[in-house]
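Reading through the structure tokens given below for one structure.
Just so it is clear, the values below take in all heavy atoms, side chains as well, and ignore hydrogens, waters and symmetry mates. Every number for a ligand or one of its atoms is a count from 1 in the order of the listing.
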Amino acid sequence: MTTGSDVLELAPVIPVVVVEDADQAVPLARALHRGGLGVLELTLRTPAGLAAIERVAAEVPDVVVGAGTVTTPEQAERAVKAGAAFLVTPGCTDRLLDGVAGTGLPFLPGVSTVSEALRVAERGLSALKFFPAEASGGVDYLRSIAGPLPALRFCPTGGITPDNAPRYLALANVGCVGGTWLTPKEALAAGDYARIEGLAEQAAALGPAAD
Ligand code: 3PG
């Protein structure tokens, strides 16, 4: 896996995970894997995020673990040291883009406008996160920009559910979707990994909606 485009090919859904306790990371990664998903994005929005990445990278070799909610070059550096295989950012300042590109890891920069997408494309990138997808215009927006931006492909996240995911996956400029619905807060708190496995199984089977 060398580019952001490779990240888009790993699964129909990238589970976006917020962990409160790094001890949850390995069992949840294994549950996702049993359900059929070999990728997950552990966000750095909680203090446990970095240690969680470290554990999954060391103990669950069958799962590709990325770092999400990377908002500074310093976080990108720390995620690399923890063993992240890819990086995801919610937005794209020049400083952040320089920082994540400097790590040499594949990454998905977050964009929500055409101008942001063009700025990122000027750097030679063609795989982007579209965030926050539903709030930014959703399926209609992505369909509208496919004409003027034919080389770009997206991972929409933010408001994606098993119900609306197939409509995104049917778009030519969508490689996969991302979302937090696979790891509900209460399931993690209760250690209900069977539920997470079931949600992963359902997500792994998602595909394009028929018209
Ligand atoms: C993200 O960081 O990608 C989003 O917070 C995921 O959004 P969701 O909680 O609506 O899936």
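For atom 7 (O) of ligand 1, the closest non-hydrogen atom on the protein side is G158 CA, 3.4 Å. Annotation: atom 3 (O) of ligand 1 to nearest protein heavy atom, K129 NZ, 2.7 Å. Considering only non-hydrogen protein atoms, atom 4 (C) of ligand 1 sits nearest to F131 CE1, 3.5 Å. Counting only heavy atoms of the protein, atom 2 (O) of ligand 1 lies nearest to R45 NH2, 2.6 Å.
Checked by distance only, ligand 1 and G159 come closer than 3.5 Å through their nitrogen or oxygen atoms.
Taking the six-membered ring where tryptophan is involved, the planes of F130 and F154 are perpendicular, since the angle between them exceeds 60° and thus also 30°.
At a 4.0 Å heavy-atom cut-off, ligand 1 does not touch W181 at all. At a heavy-atom cutoff of 4.0 Å, ligand 1 is contacted by both the backbone and the side chain of T180.
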Would you please test Y193 and Q24 for side chain to side chain donor-acceptor pair (under 3.5 Å) and show each step? CA-CA 9 Å; Y193 298 109; Q24 297 165 337; 5.5 Å; no
Using side chain to side chain donor-acceptor pair (under 3.5 Å), reason through T71 and Q75 one step at a time and then give a plain yes or no. CA-CA 7 Å; T71 56; Q75 279 185 323; 3.0 Å; yes
Check your understanding: Hey, mind stepping through T2 and D6 against side chain to side chain donor-acceptor pair (under 3.5 Å) and telling me if it holds?
Key -> CA-CA 7 Å; T2 52; D6 299 328; 3.3 Å; yes
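Salt-bridge annotation for R143 and D140: present, with a side-chain N of the basic residue lying under 4.0 Å from a carboxylate O of the acidic one. Salt bridge status for R123 with D98: present, with a side-chain N to carboxylate O gap under 4.0 Å.
Listed by atom number, the atoms of ligand 1 under 4.0 Å from T157 heavy atoms are 3 (O). Per-residue contacts place G179 under 4.0 angstrom from the following atoms of ligand 1 (heavy atoms of the residue considered): 11 (O).
S126 places no side-chain N or O within donor-acceptor distance of the main-chain N or O of L152, the cut-off being under 3.5 Å.
No heavy atom of E134 sits closer than 4.0 Å to any atom of ligand 1.
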